[in-house]
Amino acid sequence: MNHILKPRLEAPSLDALYDRVSALIPPMEWGAFADDIAAIQRLKAEKNAVILAHNYQTPEIFHCVADVTGDSLALAREAQNVEADVIVMAGVEFMAETAKLLNPSKTVLIPDSNAGCSLADSITGRDVRLMRERYPGLPVITYVNTSADVKAESDICCTSGNAARIVKSLGVDRVIMIPDEFLARNIAKETGVDVVTWKGHCEVHERFTPEEIRHWRDAYPGLVVLAHPECPPEVVAEADFSGSTAGMSDYVATADGRRVLLVTECSMSDNLAIQHPKVEFVRPCNLCPHMKLITLPAIRRALETMTTEVTIDPAVADRARLSIERMLAA
Ligand code: 13P
Ligand code: SF4
């Protein structure tokens with residue numbers, strides 16, 4: 001643990017916050033956000049709360065109310081460092097569950113309890129038990145985009161930011177890697193490890209096609225293509241780089257003067273365009289309907305009413321926590 005995450009004592013002024021996002025958000029729209037932002041800053045101080053926001057959150061959340069931003073791995077790591085009483089997860093349910101697993105004594109709120117994930121919905125704990133019966137002896141590596149029930153049946157978790165490293169760390173030539181078929185196939189290709197997988201897909205990334213990438217390359221000469229590893233392997237094969245949302249963000253930080261296409265969720269480009277005005281973003285993208293349920297009014301309501309609180313059956317939680325802790329220690 002390298003630092004402690006505490007609520008900010010002094011929130012930046014609304015003018016300072018608008019300066020951060022003015023390149024993207026017109027003054028008329030800002031008018032609709034400012035009241036909620038001011039209320040959220042006040043409520044964070046009152047309730048001793050911090051907001052963790054995923055890279056797919058909209059700019060007014062990502063740049064104006066979040067205390068920590070990042071990919072799934074960074075949010076899990078930061079959740080270990082929280083010293084506040086309340087954590088609000090501006091992300092989807094599995095991220096809030098991970099924060100709760102790592103902070104059992106704290107209140108963890110998800111601003112919209114319907115913010116799920118097609119990957120998490122694709123598999124149950126029972127499915128994992130059946131896979132173990134079918135492939136006895138193979139270690140089970142589970143993507144964090146899953147429920148606590150599924151994590152509890154697993155040996156170790158991974159995220160898109162550390163999947164190859166976790167697979168290699170086991171030192172075996174065959175693993176079960178669930179539930180994302182495409183991530184598993186991409187990692188199998190990268191590591192040379194044989195992977196038994198599941199038919200889960202991210203509904204955002206499965207829609208990209210290699211034809212589409214070739215079309216954008218033709219239309220925008222010099223284009224650098226970055227693809228998330230939840231994309232089909234044929235799409236990743238068309239990209240110049242594949243990595244987690246944090247990996248893409250780090251790549252963009254070195255891309256001043258370049259044209260970049262992020263083959264991922266739409267808010268990624270919006271958030272990075274604010275930080276990197278010298279990068280030209282080509283904008284075809286797909287929206288994640290679950291991430292987009294999290295809005296400023298939803299965050300404000302969550303803090304006002306202290307709902308919806310994430311709870312996990314303690315019998316499940318202990319085993320699920322172990323698979324996350326093994327990942328963070330690997
Ligand atoms: P990252 O871990 O790369 O942020 O991905 C999370 C996710 O849900 C992508 O669809
Ligand atoms: Fe799940 Fe895909 Fe949305 Fe990420 S982008 S939360 S993987 S549905």
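Each residue takes its place number in the sequence, starting with 1. In listed order, ligands and their atoms are each counted from 1. Computed over heavy atoms, backbone and side chain alike; hydrogens, waters and symmetry mates excluded.
Less than 2.5 angstrom separates the SG atom of C266 from that of C285.
Heavy-atom proximity to H228, at under 4.0 Å, picks out these atoms of ligand 1: 1 (P), 3 (O), 5 (O), 9 (C). Contact atoms of ligand 1 toward D71: 1 (P), 2 (O), 4 (O) (distance under 4.0 Å to a heavy atom of the residue). Under a 4.0 Å criterion applied to the non-hydrogen atoms of H205, ligand 1 contributes the atoms 10 (O). The S72 neighbourhood of ligand 1 comprises atoms 1 (P), 2 (O), 4 (O), 5 (O), 6 (C), with distances under 4.0 Å to a heavy atom of that residue. When each atom of ligand 1 is checked for a heavy atom of N145 under 4.0 Å away, the hits are 7 (C), 8 (O). Within ligand 1, the atoms closer than 4.0 Å to a non-hydrogen atom of S244 are 3 (O), numbered from 1 in the order shown. Less than 4.0 angstrom separates some heavy atom of L119 from each of these atoms of ligand 2: 7 (S). Numbered from 1 in the order shown, with element, the atoms of ligand 2 that lie under 4.0 Å from a heavy atom of N145 read 7 (S). Listed by number with element, the atoms of ligand 2 under 4.0 angstrom from any heavy atom of Y56 are 5 (S).
Looking at atom 2 (Fe) of ligand 2, its nearest protein heavy atom turns out to be C202 SG, 2.3 Å. Among all non-hydrogen protein atoms, the one lying nearest atom 3 (Fe) of ligand 2 is C288 SG, 2.4 Å. Scanning the protein for heavy atoms near atom 10 (O) of ligand 1, the closest one is E230 OE1, 2.8 Å.
Residue C117: an N/O/S atom is found under 2.8 Å from atom 1 (Fe) of ligand 2.
Two residues are said to be in side-chain contact when any heavy atoms from C-beta on lie closer than 4.5 Å; N145 and D180 fail this criterion. With a 4.5 Å cut-off on side-chain heavy atoms, P104 and R321 count as touching.
Within the structure, the closest approach of G161 to ligand 1 does not fall below 4.0 Å when heavy atoms are considered. Under the 4.0 angstrom criterion for non-hydrogen atoms, E230 is in contact with ligand 2.
Salt bridge annotation for E234-R185: present, with a cationic side-chain nitrogen under 4.0 angstrom from a carboxylate oxygen. In summary, R207 and E203 do not engage in a salt bridge, as defined by a charged side-chain N under 4.0 Å from a carboxylate O. With respect to the salt-bridge test (charged N to carboxylate O, under 4.0 angstrom), the residues E97 and K100 do not qualify.
A donor and an acceptor atom, one from each side chain of D127 and T124, are located under 3.5 Å apart. Checking Y56 against T264 by side-chain atom types alone, a donor-acceptor pair falls below 3.5 Å. A donor-acceptor contact closer than 3.5 angstrom is absent between the side chains of E280 and Y220.
By the 30° and 60° cut-offs, the orientation of the rings of F208 relative to H205 is tilted. Below 30°, between 30° and 60°, or above 60°: for F182 and H201 the angle between ring planes is below 30°, a parallel geometry.
Neither the backbone nor the side chain of E265 comes within 4.0 Å of ligand 1, counting heavy atoms alone.
Around atom 8 (S) of ligand 2, the closest heavy atom drawn from A120, G91, S118 belongs to S118.
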